[in-house]
Number of protein chains: 2
Amino acid sequence: MTRALAGNLLQVPVPELADRFDEWQKFGFDAARCPVRNVLDHIGDKWTALILISLAKEGRRFSAVQRLIPDISKKMLTQTLRDLERDGLITRHVFPTKPPSVEYRLSPLGRSVLDPLAQLVFWAESRHGEIEDARRRFDASSPA
Amino acid sequence: MTRALAGNLLQVPVPELADRFDEWQKFGFDAARCPVRNVLDHIGDKWTALILISLAKEGRRFSAVQRLIPDISKKMLTQTLRDLERDGLITRHVFPTKPPSVEYRLSPLGRSVLDPLAQLVFWAESRHGEIEDARRRFDASSPA
DNA sequence: CTGAATCCTCGTAGATACTG
DNA sequence: CAGTATCTACGAGGATTCAG
């Protein structure tokens with residue numbers, strides 16, 4: 001599977017990102033037309049990425065996800081799952097067992113975001129040390 | 001050009017992302033050890049990504065960035081720039097002109113995040129339509 | 001021009017309790 | 001088990017004003 005996707009991976013050169021930015025400018029920088037604001041804000045919120053990752057391997061039930069992300073409240077879990085479902089990134093499957101059980105799964109669209117998301121996560125992981133160092137330096141040279 | 005970078009791009013198979021997630025679990029899911037929470041939350045906030053992109057082509061002055069992102073307040077611009085500087089993603093250069101001018105530039109570390117960021121932005125752009133459709137379907141079938 | 005300082009508001013998210 | 005309902009608190013972020 002890692003092979004299968006290798007060929008698919010869209011090449012996105014950085015200069016093009018800057019050019020895109022220039023283009024958004026021409027439309028008055030309408031928030032609705034700007035994917036950075038419209039989507040990245042959303043998947044960048046406090047719980048979304050974590051939930052997507054927790055569903056990467058297999059579908060999971062509500063309580064299973066909650067166990068995987070211990071400090072999320074039921075309220076935020078419910079809400080974030082619903083937003084994700086609304087955006088078509090996950091699907092919701094209800095099984096009419098005695099105590100009802102509900103399983104959430106990534107949709108194909110949801111699975112497709114794991115690649116770019118992984119890029120960012122692994123960037124964060126590999127640069128984490130550098131960032132911490134920079135913070136320490138900054139805090140040291142900046143008067144409280 | 002989509003070809004040129006193909007060789008450079010780190011392949012990050014999705015299964016590995018899920019495995020990483022499993023590992024974080026073992027450490028009690030400490031927020032400090034979790035790059036998703038520690039870093040992605042930060043670059044995923046309201047203005048950070050936009051500012052990074054606006055500096056992608058060249059260093060820019062405070063007021064220039066503000067023009068590029070019309071609806072950011074001076075307060076948030078100052079604050080986000082300072083956080084970015086603290087994290088070592090941008091550098092700050094003061095020129096002692098008559099009215100002082102300050103230019104912000106991406107550091108090598110800052111430039112390095114543009115690649116994964118671009119992946120996500122272009123994902124957002126290419127899937128934007130799908131997401132909007134999903135939203136409409138969801139809202140239509142869901143009783144207000 | 002590039003901020004710093006203050007005040008104020010609004011939304012997000014946590015806590016708690018309840019339900020099918 | 002998988003939510004819903006309500007209340008509250010906190011903090012991000014906007015507006016405004018001042019300063020080097």
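First the proteins, then the strands, lettered A, B, ... as listed; each starts at 1.
Residue B/K74 places none of its side-chain N or O atoms closer than 4.0 Å to OP1 or OP2 of D/dC18. Dashed line: the shortest gap from a side-chain N or O of B/R92 to OP1 or OP2 of C/dT2 is not under 4.0 Å. Regarding contacts with the backbone of C/dT2, a side-chain N or O of B/S63 is found under 4.0 angstrom from either OP1 or OP2. Proximity of B/R67 to the phosphate of C/dC1: no side-chain N or O atom is located under 4.0 Å from OP1 or OP2. Distances shown here put every side-chain N or O of B/R61 at or beyond 4.0 Å from the OP1 or OP2 atom of C/dC1.
Mapping B/A64 and A/P99 onto DNA chain C by nearest heavy atom places B/A64 closer to the 5' end of the strand. Where A/Y104 and A/K75 each meet DNA chain D at their nearest nucleotide, the meeting point lying more 5' is that of A/Y104. Toward the 5' end of DNA chain C, the nearer of the two residues B/F62 and A/D45, judged by each one's closest nucleotide, is B/F62.
In the hydrophobic clustering of this structure, B/V94 groups with B/L55; members are Ile, Leu, Val, Met, Phe, Trp, Tyr whose side-chain heavy atoms approach within less than 4.5 Å, directly or through other members.
With D/dG3, D/dG14, D/dC1 as the choices, the nucleotide that has an atom nearest any side-chain atom of B/K46 turns out to be D/dG14.
Going from atom CG of B/L77 over to atom C1' of C/dA5 covers 17 Å, rounded to whole Å. At whole-Å resolution of the value, CZ in B/R82 and C1' in C/dT2 are 10 Å apart. B/D41 has its CG atom 15 Å from the C1' atom of D/dG11, to the nearest Å. A/R60 has its CZ atom 17 Å from the C1' atom of D/dC1, to the nearest Å. Rounded to an integer number of Å, the gap from A/Q66 CD to C/dA13 P is 16 Å. The CD1 atom of A/I69 sits 15 Å away from the P atom of D/dA2 (whole-angstrom rounding). D/dG11 atom C1' lies 11 Å from atom CD of B/Q79, rounded to whole Å. Regarding B/M76, its CE atom lies at a distance of 18 Å from the P atom of C/dC10, rounded to whole Å.
The closest side-chain heavy-atom distance from B/W47 to A/R37 is below 4.5 Å. At a threshold of 4.5 Å between non-hydrogen side-chain atoms, the residues B/N38 and A/E132 count as touching.
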(message) Evaluate B/Y104 against B/V65 for side chain to side chain contact (heavy atoms under 4.5 Å, CB included), listing each step before the verdict.
(response) CA-CA 9 Å; B/Y104 294 90; B/V65 177; 5.5 Å; no

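Salt bridge absent: B/D83 and B/R86 never bring a charged side-chain N and a carboxylate O closer than 4.0 Å.
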